[in-house]
K.L.:
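Have a look at the structure that comes next, please.
None of the values given here were measured: they were computed from a predicted structure.
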Amino acid sequence: MPEQVLELTVNGRKQKKIAKPGARLLDFLRDELNLTGAKEGCGAGECGTCSVFVDGKLVKSCLMPAMKADGATIETVEGLANKGELTPLQRAFHKTGASQCGYCIPGMVMAATSALRENPFADREEIKERLGGNICRCTGYQKIFEAVELARDVMNGRLPATAIDVDEKAEKYIGANVRRLDAPSKVSGSLRYAGDMTMPGMLHMQVLRSPHAHAKILSIDTSEAEALEGVECVVTHEDVPGEDGFGVFVHDQPIMARDKVRYVGEAVAAVAAEDLATARKALGLIRVEYEELPAVFDPFEAMKPGAPKIHDYADGNLTKHIPIRKGDVENGFAEADVIIEETYSTQAVEHAYLEPEAGLAYVDHDGVVTVLSPSQNITHHRHMLSKIIAKPINKVRFIMSAVGGGFGGKEDMIYQGMLALAAMKTMRPVRLVFTREESIATTAKRHPFTTRLKVGFKKDGRITAAEMEAVADGGAYGLSTEGVMRKAAILSCGPYDIANVKVDTRGIYTNNTPSGAFRTFGGMQVQFAMESHMDLAAERLGLDPFEIRYLNAMRDGAVTHTQQKLDSVSATRVMEAAEKASNWERGVPNGRGATRSDLGGPGTRKACTLGARLAEQADHRVEEEVA
Amino acid sequence: MLSCDDYLKPKSLKEALQAVAQAPAGSRVIAGGTDTLPWAREGRAGDVHVPALIDVTKVAEFQGTRIENGRCRIGAAVPYQPFLDDVSLRAALPCMPYCAIWFADDQIREQATLAGNIVNASPVADGTPALLTLNAEVELARLEGDEVAFRRMKLAEFITGPGRTQLMPGELVAAIECETAEGYGGSFEKVGARRSLVISSVCVAGLVKTSEDGRSFADVRLAAGGVGPVAFRFDDIEDELVGAEISEAAVEKAADHAARRVASRSRVEYRREVIRGFVIRAVEDALARARPAIPHTPSLKEAIHA
């Protein structure tokens, strides 16, 4: 491989290293200098996890060839905290709780540092604008902006230095701001995520994925790939020594496709090689013969007789059906003055945690197969892997690395098995780091739902009966579908006291990307239907949207849709707080438009715009400076 | 993933042109790199190996901007951020700071070059409509034997289609030269899927100068991107407004012509609706920032809605 010499100053120290001419500055910092504070969240300049200063200007190091930085002065997040002493900005991030999963935080700290260096008096709008190239998926940004404002005012002298360090008296923990113990490691960039870890002799894994949505695998020929110099092993389903199959509920997914592929992006084979480029090259040398099968992409089509069967065990492609019956809905509808029936659909959603999936596996000195990864469910993974690799449980270890955002998306053991197999086959450490594209294309999504909802109301707004039929696209494998169907059914009709309830949720196999766990675990999809319905009912009955909800809300002693008696219910208190906080003006939701006074003004957000630093004041400053 | 055998950093224009001439077929010229690196990824070009990357950001002749005699010369290595940060550039090219603020983000603007944006010739390149309002030209350099030779053409002629320009093999864009527009108000309107770091669906750039009494349009220049294969000027709207008295009705009437210029293949109705609103807003925003010669006239934004 060709090499060029690169000389630069990084965090005050001169560096002279041999670099690959095509390497990005990000690769150079991480791989050659072991500075892993800058992360690769997307590799396309979209997310800002890789921000570093080059000659005093903040840039995205995934977009800069390393050779372009030849001779430059680089400052990374590791360079901010001199000998471990955090900067005021880093301490402010700690104080306000601005770091959650932490994966975006080194980049966010760098962007904030740059913003305050450029303008020590930047207002909140300008701060937002200057941080616009950095994405966070945990915080909703408010705590980050609070941290930057706090640091700004301490640094420019408007607030005393102690403002960052003093905490409220911590006599209690619940209901008080408590500092996160892990924040210093996150704001300084010293916390290592799975993709930041290396071991001596470590191999790099890449995965060959299915181009077909549904196809029989006739043959897999790995000989050419295995013969490539630098390739240590290729693993396929044939390397699985035990009982292959994983899933959060039903264990229907093999470590790598076996007999057939069921979605585009399903793992078929994996290569472990001395370096990433060799592993990627080897993928192109694996020959897989497929015979395409008819595929089905719509759950309603998949339920029809004669539809392609995706799993032998699942008639009608049904993954799970959860029925709930309470009272008698027919009687309930008979009592109703108004019946509203609608069908709602919600789409698949990507979790987009800033940390793409990554893992490192090795067999330790005692022969324990060890997998380090940001798994959200290590104990379950450990039990499943023990069966899959046919080893006793005390010979399988899972280590949970820092999770750079999960939101349910890291509950599935979709890559840890491949890593374990490769480590066992080579007896060397093996690391796999997903690209952003791979993460989006192959990992679980939020279940798309089609929800038919029929609800009967009395004229005063009281609900007499609710009937819901929800069909979810579970995609090619079961993953969390069973649990999501259960949670969706339980939460289906909201926090409302309803005597007559009939609910059916069904998760259906299709040849789409598998659906899995995602914040609310099925609750959101059905709530979207139920709450939209409540608004429609308010319109039809001429009621205030809060009023119709208060009227129907469960109260202490209510019996849920699944017949559980609740001693204490806080729903009305929550609604009261929300009504107050939003300055809600009572009235029918439709037909008052411009006469409302609770739209706009304090507490509401103006439409998005840009140019805070070009605002009129700034223009006047320009005139003065030009003059 | 992008890989290469050689990374070249020519220091002079002649060296750069020689490097381009001598580099093996398939080599690429890069400046900011902010388009090239994301291009070499899954879903786009995939893994790409090029014999050489020729980095032109160190070429001496490509550095910096120069304002003189009513013209501004922008070296090919000049990134976007100075159009936002540099006070004299802001005054000379009043639509550029608004264009720059909507382009990518602060970090990418430190790298991405204006010339690179132009030479990529994307129909939605933010820089193109803004430069069209400034009557920009491109200066192209080539080797003739051992000598560097130049030619120059209007930006509007240089870009011939999506991704297509009149750049010949072996040629490099050396500079962009445009008129300065001191005393004009500038504007830039853009819509995309999010606020920062987004490619335009539609964008409109505007420059407006008022008469000395501030009551009529002395000059109006408007250009759009994202509504056809190449960005273009709204000559008809400009002609209608120049000399006209400033009024909401005049602007709205002129903007009615905008929709018929939409020649996109997708989301045509949406673009028609957006473009009309953008033309109105581009004129209004630029007016609000134009400085009338007579002080103490009421705010033009107020005047237009009076």
K.L.:
So, are Arg41(B) and Glu46(A) salt-bridged, with charged N and O less than 4.0 Å apart?
P.N.:
no
K.L.:
If we define contacts as heavy-atom pairs under 4.5 Å, which of Ile108(B), Thr34(B), Asp47(B) has the most with chain A?
P.N.:
Asp47(B)
K.L.:
Which one, Pro65(A), Gly611(A), Ala111(A), Ala115(A), leads in non-hydrogen pairs under 4.5 Å with chain B?
P.N.:
Pro65(A)
K.L.:
Heavy-atom cut-off 4.5 Å, strictly under: side chain, backbone, both or neither for Gln4(A) against chain B?
P.N.:
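For Gln4(A), the side chain is the part near chain B, not the backbone.
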K.L.:
Under 4.0 Å between a Lys/Arg side-chain N and an Asp/Glu carboxylate O for Lys60(A) and Asp105(B)?
P.N.:
yes
K.L.:
Passes salt bridge (charged side-chain N to carboxylate O under 4.0 Å, His left out), Lys58(B) versus Asp70(A)? Steps please.
P.N.:
CA-CA 11 Å; Lys58(B) 306 290 190 292; Asp70(A) 192 18; over 6 Å; no
K.L.:
Considering only heavy atoms, which portion of Ile135(A) lies under 4.5 Å from any heavy atom of chain B: side chain, backbone, both, or neither?
P.N.:
side chain
K.L.:
With a 4.5 Å limit on heavy-atom distance, are the side chains of Pro21(A) and Asp6(B) in contact?
P.N.:
no
K.L.:
Show, in sequence, the C-alpha distance, side-chain angles and deciding distance for Gln111(B) and Lys68(A), and conclude whether the side chain to side chain donor-acceptor pair (under 3.5 Å) test is met.
P.N.:
CA-CA 11 Å; Gln111(B) 293 295 304; Lys68(A) 192 177 176 186; 2.9 Å; yes
K.L.:
Please determine which of Leu63(A), Val52(A), Asn134(A) meets the side chain to side chain contact (heavy atoms under 4.5 Å, CB included) test together with Gln107(B).
P.N.:
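Of Leu63(A), Val52(A), Asn134(A), side chain to side chain contact (heavy atoms under 4.5 Å, CB included) with Gln107(B) is met by Asn134(A) alone.
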K.L.:
Can you tell me if Lys209(B) has over 12 outside heavy atoms packed within less than 6.0 Å of its NZ?
P.N.:
no
K.L.:
Do Asp5(B) and Lys20(A) sit within salt-bridge range, that is, some charged N less than 4.0 Å from a carboxylate O?
P.N.:
no
